[in-house]
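One structure is given below, encoded as structure tokens.
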Amino acid sequence: MPELPEVETIRTGLAAHLVGRRFDDVEPLHPRATRRHVLGPDDLRGRLRGKQIRSVDRRGKYLWLTAADDADEVAIVVHLGMSGQMLMAERGAPDPTHLRIRALLDDGNELRFVDQRTFGGWHLDEFVDVGPGLPGKRAPRPIPEPGDEGARVEGAMASPSQAVRRLPESVAHIAPDPFEDAYDPDAVVDLLRRKDTEIKRALLDQTVVAGIGNIYADEALWRAEVHGRRRTKALTRIKLHETLFAAREVMREAIKVGGTSFDDLYVNVNGESGYFSRELHSYGREGLPCDRCGTPIVREAFMNRSSFFCPSCQRPPRRSPRR
DNA sequence: AATCGACCCTGCTCGC
DNA sequence: TGCGAGCAGGGTCGAT
């Protein structure tokens, strides 16, 4: 399941293969894969043809390629949904099932978007400048000066961590992820203390902190010894910091080993699996002993999916609504 | 206004 | 062997 560590693994692989390449052609093969591009698949194809890929970036689970020619620059925003893959292949290699978009590159290779469940897709987007901190605080647009290359706000910001970040417009509504300079755990803790919701819901809310999905939420909560149904405002500031720190650390470790693969739905750009599944402590371990205390891990329905936790290390709140 | 649950979508596994 | 139910789940949207 592509959460931040899986998307980062893919981003690294794509950057190595794609930066500097040009699109000979881009073929949308399934309408759902480009449904978020409102101008339609033909527009996407026409606008990308001939453009050069300048960089591959990410915030949370969103990935984008910056593609440009002399006249035009555009973000190709990619969301993998649940089962999306970005795969490199030699041109003419057999098409995989669920091939949704094929991009022909000028070095004779192909970039393929493969997606079994078609929750993901590509769309083109413009860039906006976003201020530091949580969404909603958009920086004023810099006045473009003739010959001003970078279009950055200089001097207005106190430190590099306060810098304006240039993001595709459709990505600007989500919060910084824990690996960005703009990530501010104090601000996230403040927000969590103001919110009236459960901690797991909040961790999954991409406008609070980006990149955490069901697997890494459960792992972070297990590490921090917090039950996911605890109310955020009832947790101490220290506990909230511990939980956020645990989330960052578990994702950092997962990135090191190429992410979490349960099956071939998540693989890197070369089709290889990640190895973090063998280091999971709670997710998917129903009935197995907790690695800390030996109590069997419990699975519980939550938001149309599952939560896994140790009922001993992670005490449920007193009146936890069960279903 | 913030919160919460339903829904989208496909393929695979499981139980009968 | 066939078949339907259940499940995987990130993001969006409507209801409250």
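Letters A, B, ... mirror the listed sequences (proteins, then strands); counts begin at 1.
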Using whole Å, what does the distance between atom [atom2] of nucleotide [N] and atom [atom1] of [X] come to?
{"X": "A:Met303", "N": "B:dC4", "atom1": "CE", "atom2": "P", "answer": "9 Å"}
{"X": "A:Asp205", "N": "C:dG10", "atom1": "CG", "atom2": "C1'", "answer": "12 Å"}
{"X": "A:Lys195", "N": "B:dA1", "atom1": "NZ", "atom2": "P", "answer": "15 Å"}
{"X": "A:Lys233", "N": "B:dA2", "atom1": "NZ", "atom2": "C1'", "answer": "11 Å"}
{"X": "A:Asp115", "N": "B:dC9", "atom1": "CG", "atom2": "P", "answer": "13 Å"}
{"X": "A:Met82", "N": "C:dG11", "atom1": "CE", "atom2": "P", "answer": "11 Å"}
{"X": "A:Gln206", "N": "B:dC4", "atom1": "CD", "atom2": "P", "answer": "17 Å"}
{"X": "A:Arg59", "N": "C:dG11", "atom1": "CZ", "atom2": "C1'", "answer": "17 Å"}

Handout entry: Taking every non-hydrogen atom, the tightest pair across A:Asp24 and A:Arg91
Key =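 That closest heavy-atom pairing would be OD2-NH2, 3.1 Å.
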Problem - Phosphate OP1/OP2 of C:dG10 contacted by A:His79 side-chain N/O (<4.0 Å) - result: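 No.
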Problem - side-chain N/O A:Arg35 vs B:dC8 OP1/OP2, d < 4.0 Å - result: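 For A:Arg35, the contact criterion (side-chain N or O under 4.0 Å from OP1 or OP2 of B:dC8) is not met.
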Practice task
Check every strand shown and say whether A:Ser83 touches a base, only sugar-phosphate, or nothing at a heavy-atom separation below 4.0 Å.
Solution key: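 Result for A:Ser83 = nothing.
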Practice task
Look at all strands and tell whether A:Arg194 reaches a base, only sugar-phosphate, or nothing, counting heavy atoms closer than 4.0 Å.
Solution key: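 Answer is nothing: A:Arg194 stays at 4.0 Å or more from every strand.
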Decide whether [X] and [Y] meet the rule of one side-chain donor and one side-chain acceptor closer than 3.5 Å.
{"X": "A:Arg32", "Y": "A:Thr118", "value": "yes"}
{"X": "A:Asp125", "Y": "A:Ser170", "value": "yes"}
{"X": "A:His17", "Y": "A:Asn109", "value": "no"}
{"X": "A:Asp115", "Y": "A:His98", "value": "no"}
{"X": "A:Tyr216", "Y": "A:Thr260", "value": "yes"}

Practice task
Between A:Asp196 and A:Arg305, just flag the one whose closest nucleotide in DNA chain B comes earlier from the 5' side.
Solution key: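 Nearest nucleotide further toward 5': that of A:Asp196.
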Practice task
Could you check which of C:dT12, B:dT3, B:dG5 has an atom nearest any side-chain atom of A:Tyr62?
Solution key: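 Looking only at heavy atoms from C-beta outward on A:Tyr62, the closest nucleotide is C:dT12.
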What pairs of nitrogen or oxygen atoms, one from the protein and one from nucleotides 10-15 of chain B, lie under 3.5 Å apart?
{"unit_1": "B:dG11", "atom_1": "O4'", "unit_2": "A:Gln116", "atom_2": "OE1", "d": "3.2"}

Exercise for the section: Could you name each residue pair satisfying salt bridge (charged side-chain N to carboxylate O under 4.0 Å, His left out) that touches residues 7-19 of chain A, not counting sequence neighbours? Expected result: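 Sorted result for residues 7-19 of chain A: A:Glu8-A:Arg11, A:Glu8-A:Arg58.
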